[in-house]
Amino acid sequence: MKIALGNDHGGYHLKEAIKTYLEENKISYEDFGTNSGESVDYPMYGQMVGEAVALGKFDKGIICCGTGIGISIAANKVPGIRCAVVSDTFSAQMSREHNDANVLSLGERVIGVGLALKIVKTWLETEFAGDRHERRVNLITEIEQKYNK
Ligand code: RB5
């Protein structure tokens with residue numbers, strides 16, 4: 001499994017903690033930055049990770065900003081991306097089982113590092129349930145295709 005990581009200044013420290021977690025668990029990743037707490041604009045980081053996942057270069061993406069919201073909105077503009085902002089482990093599990101989320105977004109200013117890493121673990125270890133959920137995910141894709149002609 002290969003993970004694309006991205007963040008703005010508001011998510012920099014959390015991204016670093018996630019990198020350590022991935023290294024400890026021998027999960028490979030590429031870090032698309034930013035790599036300091038200096039102020040940057042989050043949309044390009046959401047876009048870079050979204051494109052990397054949508055093009056099939058990475059299995060999944062994990063992105064962080066202050067709230068997880070702005071960078072997730074940007075990632076979700078990339079066709080094929082289903083990015084979920086998650087602040088609890090139940091939603092982490094469901095976003096994979098029911099929504100087949102391929103990008104996880106976390107807010108460094110919203111949750112602590114301990115919870116964030118538990119969310120990452122849950123999210124990475126949960127498989128898509130398919131079946132009726134696949135039909136619903138396909139309906140989401142149809143909406144996307146309607147506007148991408
Ligand atoms: C940056 O100050 C902040 O707006 C950003 O990290 C994020 O929370 C946006 O949604």
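Counting convention: from 1, in listed order, for ligands and their atoms alike.
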Under 3.5 Å, side-chain donor or acceptor atoms of residues 23-35 against the rest of the protein: list the pairs with distances, not counting sequence neighbours.
residue : atom : partner : partner atom : Å
Glu23   : OE2  : Tyr29   : OH           : 2.3
Asn25   : ND2  : Tyr21   : O            : 2.8
Ser28   : OG   : Met1    : O            : 3.2
Asp31   : OD1  : Lys15   : NZ           : 2.9
Asp31   : OD1  : Gly33   : N            : 2.8
Asp31   : OD2  : Lys15   : NZ           : 3.1
Asp31   : OD2  : Lys19   : NZ           : 3.0
Asn35   : OD1  : Lys15   : NZ           : 3.1

Could you note down all residue pairs passing ring-ring contact (aromatic ring centres under 6.0 Å, His included) where residues 100-119 supplies at least one of them, sequence neighbours left out? none
Rounded to the nearest 0.5 Å, the OG atom of Ser95 sits from the CZ atom of Arg82 at a distance of 10.5 Å
Output every pair passing ring-ring contact (aromatic ring centres under 6.0 Å, His included) with a member in residues 98-149, not counting sequence neighbours, ordered by first then second residue. His98-His133
Residue pair Ser91 / Asp88, side-chain donor-acceptor N/O under 3.5 Å: yes
Any idea which residues sit under 4.0 Å from ligand 1, heavy-atom distances? Asp8, His9, Tyr42, Cys65, Gly66, Thr67, Gly70, Arg109
Keeping Glu108 on the side-chain end and His13 on the backbone end, is there a donor-acceptor pair under 3.5 Å? yes
